[in-house]
Every structure is written in C-alpha cells, then in structure tokens.
There are 2 protein chains.
Amino acid sequence: MTLIALDVMSGDLGAQECVPAALLALESDSSLRLQLVGQASVIAPLLDAAAPAAGVRDRLELIEASEIITMTDAPREAIRRKKQSSMRIAADLVHDGLAEGMVSAGNTGALTAISHFVLKCLPEVERAPIMTSIPNRRAFTQLLDVGANLRATPVQLRQFAIMGAIVARDVHGRERPRVGLLNIGEEETKGHDLVQEAHALLKDLRVAFEYVGFVEGQDIFSGEVDVVVTDGFTGNVALKTMEGVAGLIGDRLKREFTADLPSKLAGLAARPVLKRVSGSLDPRRYNGAIMVGLKHIVVKSHGSADRYAMAQAIAIAATAVRKQLVQHVSQALGSGDHSTC
Amino acid sequence: MTLIALDVMSGDLGAQECVPAALLALESDSSLRLQLVGQASVIAPLLDAAAPAAGVRDRLELIEASEIITMTDAPREAIRRKKQSSMRIAADLVHDGLAEGMVSAGNTGALTAISHFVLKCLPEVERAPIMTSIPNRRAFTQLLDVGANLRATPVQLRQFAIMGAIVARDVHGRERPRVGLLNIGEEETKGHDLVQEAHALLKDLRVAFEYVGFVEGQDIFSGEVDVVVTDGFTGNVALKTMEGVAGLIGDRLKREFTADLPSKLAGLAARPVLKRVSGSLDPRRYNGAIMVGLKHIVVKSHGSADRYAMAQAIAIAATAVRKQLVQHVSQALGSGDHSTC
C-alpha cells in the first residue's frame, strides 16, 4: 500500500474537485491509500454525496485541518501563522512518517516554503525545483524549475540539471537523458552571467547524462532534449505561455469550425481527428509536477486542475514513491559522484 | 518617399531571402525606397536574376558593406571590429540622416549594441527594448522586451510600460491601452524584488494608459491586455516557447490528419478552415519587432524570416517612420509628464 496525503482545500475549486479526484485515484489504483486533509465539515458531505464503494471508502481517511492557505498568502506568513492549514498538516504527516508523499494544488510559493521548512532538502541540494512534463514531438520534455525558486544560482541550475536527468531516467525511462539549459540563443556567447556560469559548470561535469548546451524556448517541444533547465520565474512564464498559446489555437479552431455551414460540416468530419490531437496534448494527462530534491515526495498540481487532472497528480506522487525517487536522487547527488546519475 | 536601410546579409538565409523581400516590399508600397546594404557581389546577381520592373528597381540602391556580423559574434566585438559590416553601415546611414530607419534579421545582441552605440537612446530612456506583436483572442498584444536587454531594472520596466503603451496607441490604435507586468501570479504578493519594485512604480504612475497589475504567461493571448511588459530574457523565452507550441500543434494536426484514409478525407474537408486558422496565426503576418526608445527607427526581423516575413518587417519600419513614432515617444517620456502618453 502506498499512502499519500492530499491537501483537499487546495486549488481553484478546492474540495469540490479534490474529493472526486481522490475517489478517482483510489478507484484506478487498488494499492493506494489517501489521507484527505482539510475541513471535515466540508469534505464529509461531499464524500457522502459521492457515496463511494466500500472498497474505495476503506482506503481513505479524513484528517481535520481547520485553516486554508489562500492564493494571496505570503509564503512566510503561511509558515508562521497557518500551522493548522491543510497544506501544512499534509506536510507534517509526511514529515512524521504517517504518509509517504503529499499532493497540493495550492499557492506555489507557500507550498515551496512549507516543503523546504518542514520536509527539508536532501543534503547537497540547495533548493528543490518543481519539475513538470511537457509534451514534445516525440514524447515528453521535463521542464524545471517551473516556479519554486524565482531565482537560481549557477550551482543551483547545475543541481537542477542533475536532478532532472535522474527523474527523466528513473521515472520516464530515458536511459541517457539529453539535458539543455534554457537561454535566448544556442550559441555559447549568448545569455547573461548566470546562464554563462551555469553552462561552464555543466560543461565541466562528467556525467552519465548528455549535456547539449544552451537551448531556446522552442526546443522544449522539439523532442531533441529530454530535460530543459531554467530558473522558476522563466520556467513558470514558459509553462503558462504554452497553456495560453494552446488555448488561443483551440479558440481559433472552434471559431473557424463554426463560422458557416460548410465549416460546420467540415468540423463534423474532422471532429475525431481534432479530438485525438487535443487529447494527446491535454494538460490533464500530464498534470502533477514533482518538487524534486526534498527528503520526501511533494507533488504540485495545477491550481485550475479538475478532478481528472488532480487524480493524475495523485498517481504521479504514488509512482514517485514506488520508484524510490528520493533515494535515487540522494544517491546520485549525495555521493558527490555525478557519473552515477 | 520613406527611405529604409536593409541589412541584406542578415538572417538565417541572408541575401537569398532579403533581396526578394526588398522587392516584395517595394512592389507593395510605391512610396517606399530601400538601401540594400551588403556585399554587392552577392546582391547584384540576385537582383539581376529577379529582374525587377524598372519602377521597383529605381527605388532601390546598393550600398557596399564588406563584412557580415554572424550569430556567434559577441556584441562588443561586433561594435569594435566589424565597422564595415552590413548591420553597422545600415545603422551609420540612419545616424547620418541618409536613411529614416533600418531593418535587420541579424544577431539580436549585436543589433541591440550597435543601435544603442550608433543611434543612441532618447533622453530619459535608459535602454531600448524590442517590442513585437503577438496574436491574442481579440487582436494583438504588444510584448516587450523580447530580447534586447537580458535584465531590466524596475525603472527600466516602468519605461518599457510607457513606451509600450505609446506604440499600442499610436501604431495599433488602442485609445487607452491596458498594460500588464509579466509575473508568475496575478496576486500582489507574487514575484521577486524586481517585479515587486516595478509594480510599485507603475501603480504610482498617473498615466493615460491603464496599468492592470501583474499578468501571467497565458494573459499574453487572452486579449485582456494590450501590452505585456517584461525583461528581455523572459520575453524572448516566452516568444520562442509560443512558436514552439504552435509548431508542435501544427505537427500533431498534420500527423493525425494523415493517419489513415478516413482522417485524410476529413483533412481534405477541413483544409480551408485549417488554412484560415493557420493564416490568422501565421507569424509572418506580424514579423518585425520595433526597438523602441531609440532616436531612430530600428526594426528587428526574426532570424528565420522568409521573404514574406521580411517584407512585413520592412513595412513595419516604414509605418513607424510615417507615424512619427520616435517623436511621440520622445514627447511622452521627455516631457516627464507621463499623463500625455
């Protein structure tokens, strides 16, 4: 049995989506147990209404948490003042060994702060980045950091590269991951001092992954690299830009396929194909970003995730626990011998 | 007549695309004159082969430039050592009043350095950002900086906002532009010190544009804001990410519409609609990014621009000259009274 604590009060829709997400996750994974952390007065009626089968209901437990961390709470205040929040209590459960990992769709800054404060980074890891899967022309690119650390030093960027390569290898099955450093040009002369210094560190690293050098925004999607490394500000903007473009294109397709009768008829004919395309790119399929480099598994779900997307994030957390991701990162970084990663 | 100097040796394809682009631009605008700056030994045969009509040929002039700035030239070296480059001579022509503006598809770092060195910023402008149009759900968003200045101070970000609003108003006809500052969340508590300080400066500014506060990557495409302000590193990554996603989606559509016979038939039916969608989002239609805040007009074309895209960049330069963009920016910023912009 794998036991995950779920911050039920998190995300734009809170318990309304998180409770059904928990049930979906439990239904599709009979080796999973969940702790639903939040306000029992909110969660219990939703559970009663959903009336899950006994085999599902038996594998979930309610853990009372009276407070909620909102999207406007500053990270420091969240740590200091909201010790009874669902996010904090979920982290405490993991820290105390009562859960093996946690999932939250809440305030990224607060989750980062609480994860670092309660769960701590592995020795030799300075900051834990958030790493997410992005569809590319062949499979998926792992992009990190997408928002945990707004700035990153060259040493931290090097660590991100190593950790990204480990996740790409262990979780995503890339034997010798190709890793690129995000910049505004591929040429060695491009970029500011931070990326220049990180590039120098990575070039000198003797590793079992392949460092391909600088890559640009479009390379996230080319399939030529498996891991793209950047700071959390840039990565977050790239991630949300990607979502914005996809939304714009979907919008234009919808508009043009309903413009007139011939277009509508073409739309009917094209619908199965368009569904395959949008399905293959559906962000709900790859929701669930791992905060890598901590002593425990923390998965961040997109704030606007619906129940299906949230269930996917829970599944990612369970997989990371089962793959012993923390141990593998610890071995690779802790040994100081990066050739093992 | 509007006279523009064209860096013919620039871009991934150099003279091979720039010469036809010049001819296209001249054909579609009878009030335009062009100086083709580059190696006459390369340009002349291309011109001869194209055999333009006399009415077009009369409006172009060859200006010899023996050197070429490559994509790997460091900006400082480009200034110091390549004084006979096509990019530098184009800038010199503008500086000397022999041309009213210039267009280049070359090395962004070198173009930024040469523009600042030769053409200079307007008084009160610290750094000139590059500003480009991005399609959104309603019309176009102006995004700046997309790569001229890898870092930007809060004061510079405030200047970018004012300049962006002026271009949105004067060139793109937005009476009271809505301006947002790119961040990783819309809440006031989000972001690092730079965006926090810039936000404070912009909130305090009494202006004729509407500062809407922080926006996120997806808001570039929502149509809710007319101008999105950020530093050149982040903006460049956002721009190239956008291109990458659009390419990925195009790729998936092509793959799925050719997967089997029913899909191919659906593709035939859908082709006119898909062409309308891709046409409306075709980056060639909005190629040509203005480097705003200089004493003269400089337009940067995408490096991979083909002749049609490059012709569009030339048209943007001509429009900016005719709209007296430099004078308007100078008035708004130079007066110190930002309520006029």
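Atoms considered below: every heavy atom in the structure, side chains included; atoms not considered: hydrogens, waters and symmetry mates. All values reported here derive from a predicted model rather than from experimental measurement. Naming convention: chains lettered A, B, ... in sequence-line order (proteins, then strands); numbering from 1 in each chain.
When all heavy atoms of B/A238 and A/V237 are compared, the closest pair comes out as CB-CG1, 4.1 Å. Heavy-atom minimum distance, A/F233 versus B/L182: CZ-O, 3.6 Å. For the residue pair A/H192 and B/L150, the shortest heavy atom distance occurs at N-CD1, 3.3 Å.
For B/R271, no part lies near chain A; criterion is any non-hydrogen pair under 4.5 Å. Using a 4.5 Å cut-off between heavy atoms, A/R151 touches chain B through its side chain atoms alone. Proximity to chain B (any heavy atom under 4.5 Å) is restricted, for A/V195, to the side chain, taken from C-beta onward. For a residue to count as touching a neighbouring chain, one of its non-hydrogen atoms must lie under 4.5 Å from one of that chain's; by this rule A/L194 touches chain B with backbone and side chain alike. For chain B, the nearby parts of A/I184 are the backbone and the side chain; heavy atoms of each come within less than 4.5 Å.
For the atom pair OG1 (A/T108) and NZ (B/K190), the distance works out to 6.0 Å, reported to the nearest 0.5 Å. Annotation: the span from B/S280 atom OG to A/E256 atom CD amounts to 6.5 Å, rounded to 0.5 Å. Taken to the nearest 0.5 Å, the CZ atom of A/F257 stands 8.5 Å off from the CZ atom of B/R276. Once rounded to the nearest 0.5 Å, the distance linking CZ of A/R252 with CZ of B/R137 reads 9.5 Å. Rounding to the nearest 0.5 Å gives a distance of 10.0 Å between CE of A/M71 and CD of B/E186. Atom CD of B/E243 is separated from atom CD of A/E216 by 9.0 Å, given to the nearest 0.5 angstrom.
Comparing A/G267, A/A269, A/G235 by heavy-atom pairs within less than 4.5 Å of chain B, the highest count is held by A/A269. Of all the listed residues (B/N107, B/V277, B/V273), the one sharing the greatest number of non-hydrogen pairs under 4.5 Å with chain A is B/V273. Between chain A and the residues B/D231, B/I134, B/L268, B/N183, the most heavy-atom pairs under 4.5 angstrom are made by B/N183. The choice from B/P75, B/S263, B/S278, B/P272 that makes the most heavy-atom pairs within less than 4.5 Å of chain A is B/S263. Interface summary for chain B: among A/G223, A/A270, A/G303, the most heavy-atom pairs under 4.5 angstrom belong to A/A270.
Considering only heavy atoms from C-beta on, B/T241 comes within 4.5 Å of A/I220 through its side chain. Here the side chains of A/L239 and B/Q218 are not in contact, with every heavy-atom distance at 4.5 Å or above.
Under a 4.0 Å N-O distance rule, the pair A/D251/B/R138 does not qualify as a salt bridge.
Surrounding CZ of B/F117 are at most 12 heavy atoms belonging to other residues, nucleotides or ligands under 6.0 Å away.
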